[in-house]
Every structure is written in C-alpha cells, then in structure tokens.
Amino acid sequence: QVQLVESGGGLVQAGGSLRLSCGASGRAFSYSYMAWFRQAPGKEREFVAGISWSGGSTYYEDSVNGRFTISRDNAANAVFLQMNSLKPEDTAVYYCAASRAVGAGDIAAPARYPNWGQGTQVTVSS
C-alpha cells in the first residue's frame, strides 16, 4: 500500500509554469509505477503522464507532450510534474497515482491504479 500527498498547485497565468510534487509513504513506492492524472469540472479523469519504477520510461498524453516533464526520486519517495507553457485548458485538479500492476497497454486507465492522492488544484488564467 502506498499513501500519496500532492502539493504545488495554484493559480498561474497562461504561459507560466508550476511544479507539482507527490510525496509517498510505504515501502512499495520504489517498485510502483507512478502517474499524474487530472480532472476538470464536468469531465472524466484523464491520464497526463507516467513514469516507470526505475524512471527509465516515461509516457505523456499528447496535449502535454513537450510541455510537461515527469520525474521521480526514489530515495526521497517523491514524484514530480514540471508544467511549462501552461494553457487555460490545463486547468483541473491534478492527482498522483501509484500502481504495481500496470503495463504499457493500460497506463492511461485510472482503474489500474489502486492508490491515489487527494488532488491539488491547478488554475491557469487567460
């Protein structure tokens, strides 16, 4: 079991940057695939980015590829999402998620992640 707590959200103007952090507790963190999802009002939760347990493989949703970067520090039990060139359509609650049973074919499926944080709000003004 992994417990997750997100931080770093806030209000930023379009074109600005934010860095989200997700702190994890639990010995399973280092062996867990980690991901960021987001959910805007009235929309389904969607995959944003994911990173393998070693950090050697990363995956991005098309609309954020080239603007967002996911990274992790297993020694610190933390995962990060650097968000640059933010757009108003990036406004959402961002969630950190962990799974030890997800593969390349289902990394974007929220149902494959048993562990979730409480979320952090990101608001991008135009």
Side-chain angles (χ1 to χ4, degrees):
Q1 190 74 1
V2 179
Q3 291 77 45
L4 306 170
V5 178
E6 303 95 335
S7 62
L11 173 64
V12 64
Q13 288 188 332
S17 298
L18 282 174
R19 179 178 170 87
L20 303 184
S21 299
C22 175
S25 61
R27 298 173 62 183
F29 175 79
S30 295
Y31 304 99
S32 295
Y33 184 92
M34 301 298 297
W36 288 95
F37 287 77
R38 65 186 179 187
Q39 188 166 18
K43 295 187 177 181
E44 293 186 353
R45 192 167 297 190
E46 67 172 355
F47 174 81
V48 175
I51 188 167
S52 62
W53 69 269
S54 69
S57 296
T58 56
Y59 305 89
Y60 297 94
E61 193 268 330
D62 288 345
S63 69
V64 308
N65 197 17
R67 299 188 297 123
F68 292 9
T69 302
I70 188 171
S71 61
R72 68 188 296 164
D73 182 345
N74 285 344
N77 275 15
V79 64
F80 308 97
L81 186 68
Q82 178 67 43
M83 304 186 296
N84 299 328
S85 303
L86 282 161
K87 303 176 181 180
E89 51 263 43
D90 294 318
T91 295
V93 177
Y94 282 70
Y95 297 90
C96 176
S99 176
R100 297 187 66 185
V102 65
D106 55 8
I107 57 174
R112 298 296 294 166
Y113 296 80
N115 304 294
W116 293 85
Q118 83 289 349
T120 185
Q121 176 70 46
V122 171
T123 303
V124 184
S125 63
S126 58

- Message: I need the minimum non-hydrogen distance between N84 and S17, along with the two atoms involved.
- Response: OD1-OG, 2.9 Å
- Identify the heavy atoms of Y60 and A49 that sit nearest to each other, and give their distance. CD2-CB, 3.6 Å
- Item | Sole candidate of T58, L81, T69 that passes side chain to side chain contact (heavy atoms under 4.5 Å, CB included) when paired with I51 | T58
- For residues M83 and Y94, determine if any side-chain heavy atom of one lies less than 4.5 Å from a side-chain heavy atom of the other. yes
- Value rounded to 0.5 Å, distance of OG in S126 from NZ in K87: 14.0 Å
- For E46, salt bridge (charged side-chain N to carboxylate O under 4.0 Å, His left out) partners two or more places apart: R38
- Could you tell me whether the side chain of W53 reaches within less than 4.5 Å of the side chain of R100, counting heavy atoms only? no
- Stepwise, does the side-chain contact (heavy atoms from CB on, under 4.5 Å) test hold for V93 with F37? CA-CA 8 Å; V93 177; F37 287 77; over 6 Å; no
- Note on the structure: Rounded to the nearest 0.5 Å, the CD1 atom of I107 sits from the OH atom of Y113 at a distance of 6.0 Å
- Under the side-chain contact (heavy atoms from CB on, under 4.5 Å) rule, what do M34 and V2 come out as? Steps first, then yes or no, please. CA-CA 11 Å; M34 301 298 297; V2 179; 5.6 Å; no
- Under the 3.5 angstrom rule, does the side chain of S99 hit a backbone N or O of A101 as a donor-acceptor pair? yes
- Query: Has the side chain of E6 got a donor or acceptor atom that lies under 3.5 Å from a matching backbone atom of Q118?
  - Reply: yes
- S52 OG to I70 CD1 distance, which is reported to the nearest 0.5 Å: 9.5 Å
- Task: Would you mind reporting whether V79 and W36 have side-chain heavy atoms less than 4.5 Å apart?
- Result: yes
- Message: What verdict does the side-chain contact (heavy atoms from CB on, under 4.5 Å) test give for Q121 and T91, after you've listed the backbone C-alpha separation in whole Å, the side-chain angles of each residue and the deciding distance to 0.1 Å?
- Response: CA-CA 8 Å; Q121 176 70 46; T91 295; 4.0 Å; yes
- Message: With a 3.5 Å distance limit and no angle check, can you tell me whether R112 reaches the backbone of V102 through a side-chain donor-acceptor pair?
- Response: no
- Task: Please test C96 against W116 for side-chain contact (heavy atoms from CB on, under 4.5 Å), starting from the C-alpha separation and ending with a verdict.
- Result: CA-CA 6 Å; C96 176; W116 293 85; over 6 Å; no
- Message: Are F47 and Y59, when compared by the centres of their aromatic rings, separated by less than 6.0 Å?
- Response: no
- For A14, check side chain to side chain contact (heavy atoms under 4.5 Å, CB included) against everything at least two apart and list the hits. P88, V124
- Say you draw a straight line from OG of S85 to CZ of R67; how long is it, rounded to the nearest 0.5 Å? 7.0 Å
- Query: Under 3.5 Å, is there a donor-acceptor pair between the side chain of D73 and the main chain of A76?
  - Reply: yes
- Query: Taking all non-hydrogen atoms of both residues, which atom of F68 and which atom of V48 are closest, and how far apart?
  - Reply: CD2-CG1, 3.7 Å
- Task: Look at the side-chain heavy atoms of Ile, Leu, Val, Met, Phe, Trp and Tyr, link any pair under 4.5 Å apart, and say whether V122 and Y95 land in one connected group.
- Result: no
